[in-house]
Amino acid sequence: MSAVRAAKQALRRELKRRLAALGEQEKRRQSAAVSRQLFRHPKYVSSQRIAVFLSMPDEVCTHQIIENMLQSGKSCFIPRYKSSGSHMDMLRLHSLQDMETLPLTSWNIQQPADDDTSREEALSAGGLDLILMPGLGFDRSGNRLGRGKGFYDNYLERCKRHPKGKPYTIALAFREQLCQDIPVNDNDVLIDEVLYEGDQ
């Protein structure tokens, strides 16, 4: 095993411990603070086509963000992960009601069904202006530690080949997810900005 891979695995274990120790009330409080900062962010305000993750319990809650996007008339795209491999598409979400009826995967993540061909895929049409990124850990240089599947790194590589180019990327983080340095290799794509409470 490479030194970088071993360092990533050790850091993932540490970050999972930190997140497990974070209480529900504190997660809700920080999620609300990060959401408020995002709503004022010039990139969010000016973006029309935005991809956002449907949050898991150990991630910044995105429900309020999705609600705001839909109310503001922005086009909202959500991930559909392929369980085999590292392929991901960003598919159009039409409403909060639409979100509530999405099926659950074996990973306990809501996403459009594999046989759902009715939704617009972001890169097959107008591309994306902004991607709101999940992750386990981040540093202030824009390095990100994901869950090890490579979904977002591969998707950002595909974005670069789209006529619109790579969208701006903002990671949404709890303060506990900030690290001094994230170990990276050549396949890891830098993110533009990490948004967390207290980062004004």
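All residue numbers refer to positions in the sequence shown, counting from 1.
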Heavy-atom neighbours of K43 NZ exceed 12 at 6.0 Å: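 Count not over threshold, so no.
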Look at [X] together with [Y] and state whether they make a salt bridge at an N to O cut-off of under 4.0 Å.
X    : Y    : result
E193 : R140 : no
D153 : R158 : no
E157 : R161 : no

Using modelled atom types only, decide if a donor and an acceptor are shared between the side chain of [X] and the backbone of [Y] within a distance under 3.5 Å.
X    : Y   : answer
N154 : H87 : no
Q111 : Y81 : yes
S47  : I50 : no

Minimal non-hydrogen separation, [X] against [Y], with atom names:
X    : Y    : value
L54  : E59  : O-OE1, 4.2 Å
A51  : M90  : CB-SD, 3.7 Å
C179 : G137 : SG-CA, 4.5 Å
E197 : A33  : CG-CB, 3.7 Å
V60  : F53  : O-CE1, 3.8 Å
K74  : Q48  : CA-NE2, 3.3 Å

Taking the side chain as every heavy atom from C-beta outward, state whether [X] and [Y] have any pair of such atoms under 4.5 Å apart.
X    : Y    : value
N143 : D181 : no
R80  : M88  : no
I191 : F138 : yes
I66  : M99  : yes
L156 : M133 : yes
S141 : I182 : no
D139 : L145 : no
P112 : L102 : yes

Cut-off 3.5 Å, side chains only: do [X] and [Y] have a donor facing an acceptor?
X    : Y    : result
S118 : D116 : yes
D89  : Y155 : no
E100 : Q110 : no

Under the side-chain contact (heavy atoms from CB on, under 4.5 Å) rule, collect the residues that match up with [X], sequence neighbours excluded.
X    : result
N185 : V4, K8, N187, D188
A125 : R49, E120
C61  : S31, S55, H63
Q64  : A32, S35, F39

D129 and K164: CA distance, side-chain angles, deciding distance, salt bridge (Lys or Arg N to Asp or Glu O under 4.0 Å) verdict: CA-CA 8 Å; D129 302 314; K164 196 168 192 169; 2.7 Å; yes
Pairs where residues 161-193 contributes a residue and the test ring-ring contact (aromatic ring centres under 6.0 Å, His included) is met, not counting sequence neighbours: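 Found none.
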Pairs involving residues 9-35, ordered by first then second residue, that meet ring-ring contact (aromatic ring centres under 6.0 Å, His included) (sequence neighbours left out):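 Qualifying pairs: none.
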Shared hydrophobic cluster, V194 / L15 (ILVMFWY, side-chain heavy atoms < 4.5 Å): yes
Hydrophobic cluster identity match, L172 and L190, side-chain contacts under 4.5 Å: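 Shared cluster, no.
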Working for side chain to side chain contact (heavy atoms under 4.5 Å, CB included), residues R18 and L22: CA-CA 7 Å; R18 280 192 217 171; L22 201 57; over 6 Å; no
Axial cation check for F151 ring with K82, 6.0 Å and 45° limits: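 So K82 doesn't make the cation-pi contact.
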Criterion salt bridge (Lys or Arg N to Asp or Glu O under 4.0 Å) on D98 and R92, from CA distance to verdict: CA-CA 10 Å; D98 181 18; R92 184 77 182 264; over 6 Å; no
Trace of the side chain to side chain contact (heavy atoms under 4.5 Å, CB included) decision for R40 with V45: CA-CA 7 Å; R40 296 193 301 266; V45 173; over 6 Å; no
